[in-house]
Peer 1: 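Have a look at the structure that comes next, please.
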Amino acid sequence: MAEKILPFRKEKVLEAIKKYPTPFHIYDERAIRQNARHFLKAFGILEGFKQFFAVKATPNPYILKIMQQEGFGLDCSSFSELVMAERMGFEGEEIMFSSNDTPAEDFVKAKELGAIINLDDISHIEFLEKAAELPNLICFRYNPGPARKGNPIIGKPEEAKYGLTREQMIEAYKITKAKGVKRFGMHTMIVSNELNEDYFIETAKMMFELAVEVYKKTGIKMEFINLGGGIGIAQKPEEEPVSYDRIARGVKKAYEEIIVKNKLHPTRIFTECGRVITGPYGYLITKVRHLKHIYRDYVGTDASMANFMRPALYGAYHHITVLGKENAPKNHVYDVTGSLCENNDKFAINRNLPEIIPGDILIIHDTGAHGFAMGFNYNGKLRSAELLLRSDGSITRIRRAENVEDYFATLDFASAKKFK
Ligand SMILES: *Cc1c(COP(=O)(O)O)cnc(C)c1O
């Protein structure tokens with residue numbers, strides 16, 4: 001069981017709220033660092049292993065700094081994320097660029113930074129050549145199609161827009177080898193928020209077998225195999241967190257049975273996890289504004305799906321703690337909502353919770369990845385602040401909240417007024 005315990009006492013949250021108005025996301029630095037070390041220790045049994053943190057999960061410079069200090073590279077998916085990596089001092093092969101439907105300028109930037117470029121389609125070989133010339137090292141993303149089941153967030157691989165087919169993979173390596181590319185990698189990512197450890201081991205086997213096939217058909221030895229992200233987190237109290245050790249041991253066994261046996265050792269193993277690195281260590285703190293009793297009982301908070309959209313977008317369960325009522329009986333049933341004019345703006349539906357009154361503080365769990373980052377401005381909602389609970393117990397604001405002028409910054413009221 002994943003205990004849904006809080007890294008802070010009630011007084012600490014109240015102290016933060018006095019200084020920084022709700023809503024805000026707060027991340028637990030100590031837990032993120034401990035988790036990152038645990039991750040590297042487990043996967044460290046794989047020679048040459050490297051983890052690239054998926055920037056899109058939590059694109060904040062302080063978080064990226066922590067990743068850098070813990071020895072992670074970055075996985076970027078867009079121009080802005082590449083610039084963010086650059087500004088934080090990441091360079092060269094510390095950066096993996098895994099994008100899709102990619103603009104030319106993004107390839108140019110990735111090439112300029114010397115990032116590892118991961119191509120999502122066979123047609124991108126020519127596209128990249130035109131935009132920026134081919135790099136020395138190239139990687140392709142594999143989509144196994146009906147050979148694998150996939151999972152609810154990404155969907156079935158055969159219905160997912162990502163990657164190359166098996167035949168295209170072989171072809172793509174042949175083409176790029178003929179064009180003078182010298183170093184090669186291989187990538188896949190076919191599940192998201194997956195808790196089944198065996199799935200990742202199966203994926204590793206699939207990739208190792210493909211590497212053998214590519215070798216036999218093209219003579220190319222993979223320098224690395226990137227198993228992508230997608231490791232899930234235990235969001236429901238009854239779920240078990242994944243065991244990094246179990247995945248790493250399974251991958252190592254498959255490596256020995258397939259890569260070593262076929263004399264393709266050494267091939268480095270990469271991952272580009274986001275969610276499992278920071279997800280469980282972030283919390284959205286929001287204050288209850290209104291209680292409303294109609295056909296159901298509604299708790300109206302000062303946050304909305306503009307601050308955190310996973311429950312509305314995926315129907316994801318995110319645990320909610322009512323601050324100071326952790327041990328009170330959960331004898332009320334509520335829909336916990338935001339203030340958008342949008343009926344799926346709900347953090348929880350028919351959730352058993354203790355009795356709630358206006359002014360109560362709700363803590364929404366597991367918002368440390370794909371949380372703030374997925375925010376938006378619909379209904380003129382402003383993005384919140386992000387705070388970091390430091391290892392020494394102090395609190396640092398790592399992003400200020402937006403104000404109305406930020407929201408208007410791209411508009412020109414003066415011209416609009418004169419417009420006829
Ligand atoms: C989103 C994404 C990741 C990170 O996924 P998590 O589920 O956060 O681990 C890694 N690689 C690619 C290509 C992605 O699109």
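In what follows, every heavy atom counts, from backbone to side chain, and hydrogens, waters and symmetry copies are set aside. Bear in mind that the values here come from a model prediction, so they are computed numbers and not experimental data. For ligands, and for the atoms within them, numbers begin at 1 and follow the listed sequence.
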Peer 1: Could you tell me whether S98 and ligand 1 have an N or O pair separated by under 3.5 Å?
Peer 2: no

Peer 1: Looking only at N/O atoms, are E272 and ligand 1 under 3.5 Å apart anywhere?
Peer 2: yes

Peer 1: Under 4.0 Å between a Lys/Arg side-chain N and an Asp/Glu carboxylate O for D345 and K381?
Peer 2: no

Peer 1: Any idea how Y378 and F376 line up, ring-wise: parallel (<30°), tilted (30 to 60°), or perpendicular (>60°)?
Peer 2: tilted

Peer 1: Check the angle between the aromatic planes of F39 and F43 and answer parallel, tilted or perpendicular using the 30° and 60° thresholds.
Peer 2: tilted

Peer 1: Return the orientation label for the H318 and F308 ring planes: parallel under 30°, perpendicular over 60°, tilted otherwise.
Peer 2: perpendicular

Peer 1: Just jot down the ligand 1 atoms closer than 4.0 angstrom to any heavy atom of R141, in number order.
Peer 2: 13 (C)

Peer 1: Holding to side chain to side chain donor-acceptor pair (under 3.5 Å), I want the full list of residues that pass it with N379, two or more places apart in sequence or in another chain.
Peer 2: none

Peer 1: Decide whether an N or O pair under 3.5 Å exists between R275 and ligand 1.
Peer 2: yes

Peer 1: Among all protein heavy atoms, pick out the one at the shortest distance from atom 5 (O) of ligand 1; state its residue, atom name and that distance to 0.1 Å.
Peer 2: M189 CE, 3.4 Å

Peer 1: In terms of atom number and element, which parts of ligand 1 are under 4.0 angstrom from non-hydrogen atoms of G229?
Peer 2: 9 (O), 10 (C)

Peer 1: Looking at G230, which atoms of ligand 1 are within less than 4.0 Å of one of its heavy atoms?
Peer 2: 5 (O), 6 (P), 7 (O), 9 (O)

Peer 1: Output the list of atoms in ligand 1 that are nearer than 4.0 Å to some heavy atom of A54, sorted by atom number.
Peer 2: 3 (C), 4 (C)

Peer 1: Looking at C273, which atoms of ligand 1 are within less than 4.0 Å of one of its heavy atoms?
Peer 2: 9 (O)

Peer 1: Check the side chains of T22 and D302 for a donor-acceptor pair under 3.5 angstrom, ignoring hydrogens and angles.
Peer 2: yes

Peer 1: Quick check: G228 and ligand 1, any N/O pair under 3.5 Å apart?
Peer 2: no

Peer 1: Heavy-atom contact check, 4.0 Å cutoff: does A369 meet ligand 1?
Peer 2: no

Peer 1: Show me which atoms of ligand 1 lie under 4.0 Å from any heavy atom of H370.
Peer 2: 6 (P), 8 (O)

Peer 1: Can R397 be said to sit on top of F24's aromatic six-ring, NZ or CZ under 6.0 Å from centre and within 45° of the ring axis?
Peer 2: no

Peer 1: Under 6.0 Å between the ring centres of Y283 and H365?
Peer 2: yes

Peer 1: Using a 4.0 Å heavy-atom threshold (strictly under), name the region of D75 that reaches ligand 1: side chain, backbone, both or neither.
Peer 2: side chain

Peer 1: Heavy-atom contact under 4.0 Å between A57 and ligand 1?
Peer 2: no

Peer 1: Hey, are D245 and S243 close enough side-chain-wise for a donor-acceptor pair under 3.5 Å?
Peer 2: no

Peer 1: Quick check: are there more than 12 heavy atoms from other residues, nucleotides or ligands sitting under 6.0 Å from CD of E126?
Peer 2: no

Peer 1: How far is atom 2 (C) of ligand 1 from its nearest protein heavy atom, and which residue and atom is that?
Peer 2: K56 NZ, 2.2 Å

